[in-house]
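Written below as structure tokens is the structure these notes are about.
Computed over heavy atoms, backbone and side chain alike; hydrogens, waters and symmetry mates excluded.
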There are 2 protein chains.
Amino acid sequence: MALPRAAKTQRRTRIQEEKEERILEAALEVFATNGFRGSTIDQIAEVAGMSKPNLLYYFRTKEAMHRALIERVLDTWLDPLRAFDAEGNPSAEIRSYIRRKLEMSRDFPRESRLFANEVLQGAPHIEDELVGPLKQLVDEKAQVIRAWAKAGKIAKCDPYHLIFAIWATTQHYADFDVQVRAVLGEDLAGEGRFEDAARFLEQLFLNGLKVQSTVP
Amino acid sequence: MALPRAAKTQRRTRIQEEKEERILEAALEVFATNGFRGSTIDQIAEVAGMSKPNLLYYFRTKEAMHRALIERVLDTWLDPLRAFDAEGNPSAEIRSYIRRKLEMSRDFPRESRLFANEVLQGAPHIEDELVGPLKQLVDEKAQVIRAWAKAGKIAKCDPYHLIFAIWATTQHYADFDVQVRAVLGEDLAGEGRFEDAARFLEQLFLNGLKVQSTVP
DNA sequence: CATAATGTTTACCAACCGGTCAAATTATCA
DNA sequence: TGATAATTTGACCGGTTGGTAAACATTATG
């Protein structure tokens, strides 16, 4: 009778875990490809293989589903940036950040598109996360980059725009996948694409951030 | 009685031009912020300041409106890439391409988001344009870049991924504007943002593509 | 095994949405 | 000016959508 989330029993039942898992998986699929408004509960229910009212038994509203999904995914999404290590070698850190972000685009394109859809449409559901945890983390890492530049370990540059550039270039392969495939052609797009992109971006960013010696 | 598009009179009346203009302007606003599925004819009608049936008098369906809008905007959108000149100085050409694209993001953010929404959701309405005119233009310019690299005028690099990187970094400021503003803070985001971004991206791409001399 | 709690389904509703229609209004021009 | 064509609107329609109510089924537990 009672809704699972509000149940008196503190423990989530096995069946609750399983179903919520299946629902969020389906929701990711649907929200990522249609955006929030473009997605219907029926669609999600079908992908999840259950009836609409059943789905609404676990998440009261479409928005609750979306919220739960965002919460669950945001942390993972920011992991690569968190791994950015102030003590490490600057070039190596930047290289591996690019690589990790690119791997995310390859392995979790739906998560990328979920956020892209949301941000693109004005982030009506995640604005708090943007100005809160996200900004804080970026500020912190920007300081690291700025220190590297000041110490002459990389070229002087605006750390925020550097981070934006890495986000943009790596996520592009997930978010604009259709366009990339259209331009490269179906064949080229598949096989070597990941390595090609990684090689190019590493070259671009590492040379681009190399300290410019004023005549050796 | 008859629909204007199918009218016997070949000439479009003044009133037709004006109304279609107003409708497409409103459609751009709405489609860009909500995507195709997320937009309603009522919304567009309200922004355009006319009734829904009146709007449907000029464009028979929502899709017809969207199609007309895409057609009208796509050419302009590709202009910067078209301006890319094989005869020019490579560094100067790349620099001014970046600048033009960045100006587009600043001056026509809605157009950018319109395409971003569309591509992000699988480009269901513009796939022909992608594999047709777009691919053709990109192929052509990729050849130019490849020739430059072969002639030693810029570093060896994959021209397609270079173009993707320029698209991604410049359009990022239009498409992910909310996120950029959230991270930079409302103040920093406004004034110097354009110049900061331009300076950073020019540094990144021009140094990144500089021929790496193997000891002078 | 009884029984209460949890989980699932069928039927349904009100609001919304894309689109039509016929009637009313306005612009055009002989 | 008056006839005719172009434009505009309110009322409406069928399908979709987010969500509810209540009956039914299943599972956990004393």
Side-chain angles (χ1 to χ4, degrees), chain A residues 1-27 29-31 33-69 117 121 124-125, chain B residues 1-24 26-27 29-31 33-69 121 124-125:
Chain A
M1 175 206 158
L3 282 161
R5 295 302 207 140
K8 285 173 195 166
T9 51
Q10 298 296 345
R11 285 172 62 75
R12 314 236 318 277
T13 61
R14 170 188 50 85
I15 202 160
Q16 271 173 38
E17 304 242 16
E18 279 179 18
K19 289 294 166 73
E20 286 176 12
E21 173 66 32
R22 260 172 64 193
I23 292 170
L24 289 181
E25 159 68 25
E29 184 71 30
V30 175
F31 282 137
T33 44
N34 301 107
F36 181 77
R37 259 214 106 202
S39 303
T40 72
I41 301 182
D42 288 282
Q43 270 179 306
I44 299 170
E46 196 189 328
V47 173
M50 50 181 101
S51 69
K52 181 168 66 168
N54 196 184
L55 202 142
L56 286 164
Y57 172 71
Y58 292 98
F59 297 94
R60 283 213 250 277
T61 64
K62 191 174 147 185
E63 279 184 14
M65 280 178 39
H66 192 254
R67 204 162 33 238
L69 184 59
N117 260 307
Q121 304 191 2
H125 303 93
Chain B
M1 176 207 158
L3 283 160
R5 294 305 205 135
K8 286 174 194 167
T9 51
Q10 299 295 345
R11 284 172 61 76
R12 313 238 317 277
T13 62
R14 170 187 51 84
I15 201 162
Q16 271 173 38
E17 304 242 16
E18 279 179 20
K19 288 295 166 71
E20 287 177 10
E21 172 66 32
R22 260 172 64 194
I23 292 170
L24 289 182
E29 184 71 31
V30 175
F31 282 137
T33 44
N34 300 107
F36 181 78
R37 254 211 114 204
S39 304
T40 72
I41 301 182
D42 287 281
Q43 271 179 306
I44 299 170
E46 196 188 328
V47 173
M50 50 181 100
S51 68
K52 182 169 65 167
N54 196 185
L55 202 141
L56 286 164
Y57 173 71
Y58 291 99
F59 297 93
R60 282 213 251 275
T61 65
K62 191 175 146 185
E63 280 184 12
M65 280 177 40
H66 193 255
R67 205 162 31 238
L69 183 59
Q121 305 191 2
H125 303 92

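- Not one side-chain nitrogen or oxygen of B:Q16 sits closer than 4.0 Å to the OP1 or OP2 atom of D:dA6.
- Here the P atom of nucleotide C:dG18 and the NE2 atom of B:H66 are 13 Å apart, to the nearest Å.
- Between the CG atom of B:L55 and the C1' atom of C:dT20 there is a distance of 15 Å, rounded to whole Å.
- Per the geometry, CG belonging to A:L56 stands 14 Å off P belonging to D:dT17, to the nearest Å.
- Rounded to a whole Å, the CD1 atom of B:I23 is 11 Å from the P atom of D:dT7.
- Looking at the side chain of B:N54, the nearest of the listed nucleotides D:dT8, D:dG19, C:dT20 is D:dT8.
- Taking 4.5 Å as the limit, every side-chain heavy atom of A:T40 sits out of range of all side-chain heavy atoms of A:K52.
- Distance CD (B:E46) to P (D:dT9): 14 Å, rounded to an integer number of Å.
- Aromatic ring pairs are classed by plane angle as parallel below 30°, tilted from 30° to 60° and perpendicular above 60°; the pair A:H66 and A:F31 is perpendicular.
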- Task: Test A:I23 against A:M50 for side-chain contact (heavy atoms from CB on, under 4.5 Å), laying out the working first.
- Result: CA-CA 9 Å; A:I23 292 170; A:M50 50 181 101; 3.7 Å; yes
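- The heavy-atom pair separating B:F59 from B:A68 by the smallest distance is CE2-CB, 3.7 Å.
- Contact between the side-chain N/O atoms of B:S51 and the OP1/OP2 oxygens of D:dT8 is not found at any separation under 4.0 Å.
- Taking atom OH of B:Y58 as the reference point, atom C1' of D:dT8 lies 8 Å away to the nearest angstrom.
- Across D:dG19, C:dG19, D:dT7, the shortest atom-to-atom separation from the side chain of B:K52 is found for C:dG19.
- Out of D:dT9, C:dG19, D:dA21, the shortest distance to the side chain of B:P53 is found at D:dT9.
- With rounding to whole Å, B:E17 atom CD is found 16 Å from D:dA6 atom P.
- On a pure distance criterion of 3.5 Å, no polar donor-acceptor pair joins the side chain of B:K62 and the base of C:dG19.
- For the OP1/OP2 pair of D:dT8 and a distance below 4.0 Å, the side-chain nitrogens and oxygens of B:Y57 include no atom meeting the criterion.
- Of all non-hydrogen atoms in A:A45 and A:S51, the two that sit nearest each other are CB-C, 4.1 Å.
- With contacts defined as side-chain heavy-atom distances shorter than 4.5 Å, the pair A:N117/A:Q121 qualifies.
- For a distance-only test at 3.5 Å, the side chain of A:K19 fails to qualify as a donor-acceptor partner of the base of C:dG7.
- Listed in residue order, the members of residues 36-44 of chain B having a heavy atom less than 4.0 Å from DNA chain C are B:S39, B:T40, B:I41.
- Looking at heavy atoms from C-beta onward, A:K62 lies out of side-chain contact with A:M65 at the 4.5 angstrom threshold.
- Across the protein-nucleic acid pair, B:R60 atom CZ and C:dT20 atom P stand 9 Å apart, rounded to whole Å.
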